[in-house]
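Heads up, the thing below is written out as C-alpha cells.
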Amino acid sequence: MMKNTASINPLENEAIYIFREVAAQFERPVLLFSGGKDSITLVRLAQKAFYPAKIPFPLMHIDTGHNFPETIEFRDRLVKELDLELIVRNVQDSINEGKVKEESGKYASRNVLQTTTLLDAIEEFKFDACIGGARRDEEKARAKERIFSVRDDFGQWDEKNQRPELFDMLNGQIELGQNVRVFPISNWTELDVWSYIQKEQIEIPSIYFAHTRATFLRDGLIWSADDAVVYREKDEEVEERVVRFRTVGDMSCTAAVLSGASDINTVVQEIRDSTISERGARIDDKRSEAAMEKRKQQGYF
Amino acid sequence: MDVLKIATAGSVDDGKSTLIGRLLYDTKSLTSDKLEAIETKSRQLGYDYLDFSLATDGLVAEREQGITIDVAHIYFSTVNKSYIIADTPGHVEYTRNMVTGASTSQAAIVLIDARKGVIEQTNRHFFINNLLRIKTVIVAINKMDLVDFSEEKYNAIKSDFEALMSKRDYQNQNISFVPVSALKGDNVVNRSENTPWYDGETLLENLEGINNEDIYNVGTPRFPVQYVIRPKTEEFHDFRGYAGKVYGGELSVGDDVVVLPSQTKSKIKEIHFYDKKVETASRRSSVLITLEDDVNISRGDMIVKENDLPTVDKQFTATISWMDSQDLTAGKKYVVQHGVNKVLAKVDQIHHKINPDYSGIDEAVNALSMNDIATVSFKLNKPIFYDAFKSHRTNGSFILIDSQSNNTVGAGFIQ
C-alpha cells in the first residue's frame with residue numbers, strides 16, 4: 001500500500017468532487033464529448049470518480065460532420081474500450097430539417113450551428129446536467145463562468161445574473177426545463193491538462209502529435225487542405241507541412257501549428273515554451289472581441 | 001505543484017484589474033496573441049500605455065463601462081506555484097461578490113489608492129477577509145507613482161491600516177504591506193528603484209513566500225458522504241463504498257469512526273483512490289471509503305472519528321451575508337446546504353446587523369437586504385453535524401437557497 005497517493009493534485013480532487021455532485025444532484029446528466037483532449041480528460045476523471053462502478057451517465061457527441069476523421073475513429077474506440085454509452089446527434093440533420101442554414105463563403109463553419117443541434121438533443125433526452133470541458137483560462141467570457149452554470153428553457157446563459165458559488169458547495173437546484181452546464185475542469189489551465197495527460201498516460205487522437213499534412217495558409221494560420229470541408233480560394237496553394245493541432249474543433253475552424261512534437265513529452269515541453277494561447281488558433285473566437293460571450297448567451301457549450 | 005487561490009479587494013478605480021494584468025505581464029503569463037489584443041484595444045481607446053485591465057474585464061458591459069461586474073478567475077503560474085486570482089468587483093453593492101471570491105481563497109490582496117489612503121471601503125474589504133478567516137492578507141498600497149513614491153505617505157497609510165487591525169476578530173491573520181504602482185510595474189514582480197526606502201518583498205515575492213502547508217486552517221477530520229458507490233458487477237458484487245472529500249484532517253485505514261446521524265460505530269476498512277488502495281487520505285482528497293461493518297449510509301451522512309464529534313443539533317446561530325434582492329425576514333423558510341447535506345430551515349430570529357466597516361452593530365432589525373451582514377438564528381427540520389466556523393472553516397459554513405427561485409441567496413458562518 002502506498003501512503004497518501006490520494007492527495008497529490010488539488011485540481012484532480014476538485015474535479016472528482018464535482019463529478020460526484022453531478023451524479024448525486026441530477027436525474028439525467030450527460031457528458032458532452034468532442035473527442036478533444038479536454039473531454040478525453042473528463043472521461044478519465046469520471047472513471048476515477050465512480051470506480052469501481054461504471055460512469056453513471058452517457059456521453060454525447062454533437063457531430064458537425066466537419067470533424068477530423070482521426071477524432072471520430074478515436075471516439076469510437078474509446079467508447080468501445082471503456083464500455084460507455086454514446087449518443088451522437090448530427091448538425092447535418094438540423095440542416096436537412098431546415099432548422100439551421102449552412103454558412104457560406106471563406107470563413108464558413110458549422111461551429112455556431114452546433115448550438116441548435118445541442119439544444120434539441122438536450123430537450124429530446126431531457127438532460128438536466130450537461131458536463132463540458134470548458135476552462136476558465138481559455139477565454140475572457142469563460143473566466144466568469146460558474147462550475148454549475150444554470151441555463152434557462154432556451155438554453156441561454158444570463159451572464160449578469162449568475163448564482164454566487166461559495167466555498168465548494170454546488171447548488172444544483174433548478175426548475176423543470178432548465179438545465180445546468182457543469183465544468184469540472186474550470187480551474188485547470190491548458191498546461192494542467194497536458195501535464196495530466198502526460199502523467200496519467202491518457203491516449204489522445206493522433207492529430208495532437210506532429211504529422212505530415214496537406215495544408216494551405218490564410219491570415220497567417222495553417223489550414224487543412226480538405227476541400228470537402230474547408231473552403232479554399234484558388235490562389236491559396238496547398239503544401240505539405242509537418243504540423244500538429246493544439247486544440248481540436250472542426251477542420252473548418254481549427255488551424256494547425258508547425259511542430260515537430262511527436263510525443264506527449266515534447267508536446268508538454270512545447271506548451272510550456274509557447275507564447276501563443278491555444279484559442280489563438282481558433283477562428284471562431286476571432287470573429288469579434290465578444291464572440292464567445294455572444295455564443296454562450298445563445299446556449300453554446 | 002500546489003495551487004494558491006487569491007481574492008482581490010479594492011474600490012472602483014483602485015486599479016485592481018490593472019494590478020492583475022501587471023502580474024500576468026511581468027510573470028510572462030500573457031501570451032503574445034492576448035498581449036496583441038490588449039495593445040490594439042488600448043490604442044483604440046486612445047491610451048498611450050497598455051491598459052492591462054483589458055486582460056481581465058471579460059464581459060461586454062464591463063468593457064463598455066470600464067468596470068468589473070462579476071467575479072473573474074485568472075490563472076498564472078511561476079516555477080514554484082500555480083495561482084488562481086478571483087478578481088472581485090469593489091462596488092459597494094457587490095459585497096456578495098467579495099464574500100464569494102473570498103470563500104474559496106486562501107490569501108487576499110487588499111488594494112489601497114495611495115492618494116486616498118484608508119477609506120470606508122478599505123474597512124469593508126478587510127472586514128470581509130477577516131470574517132472569512134483568510135490566513136494571509138497582503139495590503140498593496142497602489143498608485144505610488146502618483147504620490148511621488150513618498151515614504152511618508154506609505155507609512156501614514158500603513159499605520160492607519162494597523163489601527164484597523166486592532167479591531168479585527170480573527171487575530172491570527174498574517175498581514176504584510178507593499179508599496180506598488182500597478183500601472184508602472186513598481187514592486188509588483190520587479191523590485192522598484194523608486195522606493196529605495198522599502199526593503200520588504202515585492203507583491204509576487206510575498207505570494208511565493210506563502211507556505212502552502214500554512215494556508216489551510218487545520219481542524220479535525222470530517223467526511224461528508226457525497227455518493228454511495230455500489231457497482232453490482234460480478235467482480236465487485238458486495239462492494240459498498242462511500243465517496244466524498246476529506247475535510248480538516250487525515251483519515252486512515254483502521255480509524256475508529258462514528259457515522260452520523262445514526263451514531264453507528266465502525267472502523268475504516270479500506271481507502272480507495274481510483275484503482276489504488278491507500279493507507280491515509282489527507283485533507284481535501286476525494287476518496288472512496290469502505291467500513292468494516294454493514295452500515296446503512298446515504299448522501300449527507302457524515303463519517304467522523306470516534307473521539308472527535310461535531311455538534312449535532314437542530315438549531316444554530318450564524319453570521320449571514322445576505323445576497324438576494326428579496327429580503328430575509330424572521331419566519332421565512334430556506335434550504336440550508338451544509339456541505340453536501342440539505343435541510344429545511346426557518347429563520348428564528350434576526351439578532352442584529354453588523355456593520356462591515358468596524359463601526360459596530362445596529363439595533364434589532366426586522367429584515368436583511370442585499371449585502372447586509374447579520375447574526376441570525378435558525379431552526380432546522382433535521383439535525384446537521386457542524387463545527388463553529390472559527391474552528392472549522394469548511395464544516396462551519398453553509399449556503400442558503402431560496403426554494404422558490406432556487407437561487408443561492410446567502411452565505412453563513414456558524415457561531
Side-chain angles (χ1 to χ4, degrees), chain A residues 1-8 10-17 20-21 23-24 47-54 136-137 139-145 150 159-160 162-171 173-175 178 186-189 191-192 274-277 279-280 289-290 293-294, chain B residues 2-3 31-34 56 58-61 69-75 77 82 84 96-97 99-100 103-104 226-227 229-231 233 235-236 239 243 245 271-287 299 323 335 337 339-340 394 397-399 401 406-408 411:
Chain A
M1 288 210 277
M2 293 167 70
K3 195 172 158 68
N4 275 358
T5 26
S7 68
I8 287 170
L11 295 171
E12 182 181 48
N13 282 316
E14 179 184 67
I16 291 172
Y17 170 80
R20 290 166 172 175
E21 281 304 289
Q47 279 181 283
K48 291 199 175 190
F50 303 108
Y51 184 89
K54 271 174 56 179
R136 288 172 177 157
D137 84 315
E139 205 276 333
K140 284 192 290 188
R142 283 191 168 167
K144 313 234 156 172
E145 185 63 273
V150 182
E159 79 288 356
K160 283 186 216 93
Q162 300 193 72
R163 285 180 189 173
E165 241 163 29
L166 293 129
F167 316 107
D168 60 359
M169 294 171 209
L170 298 166
N171 171 7
Q173 284 191 205
I174 49 170
E175 277 173 43
Q178 290 183 323
S186 278
N187 284 326
W188 297 43
T189 62
L191 184 59
D192 290 328
S274 169
T275 59
I276 299 188
S277 80
R279 292 204 86 87
E289 168 104 22
E293 186 181 343
K294 276 188 198 146
Chain B
D2 219 325
V3 180
T31 51
S32 61
D33 55 323
K34 283 185 182 158
T56 62
L59 301 174
V60 175
I69 292 172
D70 195 20
V71 183
H73 295 86
I74 295 113
Y75 301 79
S77 55
S82 286
I84 303 174
R96 73 168 211 171
N97 288 350
V99 172
T100 304
S103 75
T104 55
Q226 257 190 297
Y227 192 72
I229 290 181
R230 301 187 65 185
T233 54
E235 194 187 349
F236 297 95
F239 186 94
K245 196 151 86 171
I271 300 173
H272 297 253
F273 183 78
Y274 191 32
D275 52 1
K276 281 199 227 57
K277 282 183 195 168
V278 296
E279 202 167 315
T280 302
S282 52
R283 269 179 292 143
R284 297 186 305 139
S285 60
S286 285
V287 295
R299 175 174 165 87
M323 304 182 166
V335 174
Q337 183 172 344
V340 300
T394 37
S397 51
F398 61 91
I399 57 173
I401 299 170
N406 292 322
N407 278 336
T408 303

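Just so it is clear, the model here is predicted, and its values are computed rather than measured. All chains are named by letter (A, B, ...) in the order of the sequence lines, taking the proteins before the strands, and each is independently numbered beginning at 1.
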- Message: Looking only at heavy atoms and a cut-off of under 4.5 Å, which of B/Asn407, B/Val335, B/Thr104 has the most pairs with chain A?
- Response: B/Asn407
- CE on B/Met323 to CG on B/Asn97, rounded to 0.5 Å: 8.0 Å
- Query: By a 4.5 Å heavy-atom criterion (distance strictly below it), what part of B/Ile229 contacts chain A: side chain, backbone, both, or neither?
  - Reply: side chain
- Note on the structure: Given B/Phe398, B/Tyr227, B/Tyr274, B/Phe236, the one with more heavy-atom pairs under 4.5 angstrom with chain A than any other is B/Tyr274
- Task: Taking the side chain as every heavy atom from C-beta outward, state whether A/Pro52 and B/Phe239 have any atom pair closer than 4.5 Å.
- Result: yes
- Item | Derivation of the side-chain hydrogen bond (donor to acceptor under 3.5 Å, both in side chains) call for B/Thr408 and A/Asn171 | CA-CA 7 Å; B/Thr408 303; A/Asn171 171 7; 2.9 Å; yes
- Of the backbone (N, CA, C, O) and the side chain (C-beta and beyond), which part of A/Ala49 lies under 4.5 Å from a heavy atom of chain B, both, or neither? backbone
- Heaviest contributor of heavy-atom pairs below 4.5 Å to chain B, chosen from A/Asn187, A/Ile16, A/Val150, A/Asp168, is A/Asn187
- What is the distance from atom CZ of B/Arg283 to atom OG1 of B/Thr394, rounded to the nearest 0.5 Å? 10.0 Å
- Item | Portion of A/Arg163 that has a non-hydrogen atom of chain B nearer than 4.5 angstrom | side chain
- Query: Salt-bridged, B/Lys245 to A/Glu21, with N to O below 4.0 Å?
  - Reply: no
- Relative to chain B, which segment of A/Leu191 carries a heavy atom at a distance below 4.5 Å: side chain, backbone, both, or neither? neither
- Item | Side-chain heavy-atom pair B/Val3, B/Tyr75 within 4.5 angstrom cut-off | no
